[in-house]
Amino acid sequence: MCLAIPARIVELDEDRATVDAMGNRFAAKTTLLPDVKLGDVVLVHAGFAIARVDEEEAKKTWELFAEIENFEKTQNRVSG
């Protein structure tokens, strides 16, 4: 399954960025979004920033990921 995640640009050098998603930092290319700037929140897929996203929408996604992570830690999971 492929998943794009929102991440904030915390370092930017030409088209090479370091992005932060919920405390996890990784490299992303911004070649497809040449006008992004430091602090922007972008959607990252397969190592590329593919769209600039609204910060409030990104926060909703980060909260959902946190809920999933907390659910995975519970002992009495029920599926289906």
Using 4.0 Å as the upper bound for N to carboxylate O, is an ion pair formed by R8 and D20? no
For P6 against L43, the heavy-atom pair lying closest together: N-CD1, 3.8 Å
How long is the straight-line distance from NZ of K59 back to CD of E63, given to the nearest 0.5 Å? 8.5 Å
Distance col, row I9:CD1 vs L33:CG, nearest 0.5 angstrom, shows 8.0 Å
Does E57 offer a backbone N or O that forms a donor-acceptor pair with the side chain of T61 under 3.5 Å? yes
Taking every heavy atom of R25 against every heavy atom of T18, the minimum-distance pair comes out as CB-CG2, 4.2 Å
Calculate, to the nearest 0.5 Å, the distance between atoms CG and CZ belonging to D15 and F48 respectively. 8.5 Å
Spacing of CD belonging to E69 relative to CG belonging to L64, to within rounding of 0.5 Å: 12.0 Å
Give a yes or no on whether a salt bridge exists between K60 and E56, defined as a side-chain N under 4.0 angstrom from a carboxylate O. no
Look at the side-chain heavy atoms of Ile, Leu, Val, Met, Phe, Trp and Tyr, link any pair under 4.5 Å apart, and say whether F65 and V42 land in one connected group. yes
Examine F26 and L12 and state if one hydrophobic cluster contains both, with Ile, Leu, Val, Met, Phe, Trp and Tyr joined whenever side-chain heavy atoms are less than 4.5 Å apart. yes
For the backbone of D35 and the side chain of R52, can you confirm whether one donor and one acceptor N or O come within less than 3.5 Å of each other? yes
Path from V19 to M22 over hydrophobic side-chain contacts below 4.5 Å: yes
I5, I50, L32 screened by side chain to side chain contact (heavy atoms under 4.5 Å, CB included) with H45, the one that passes: I50
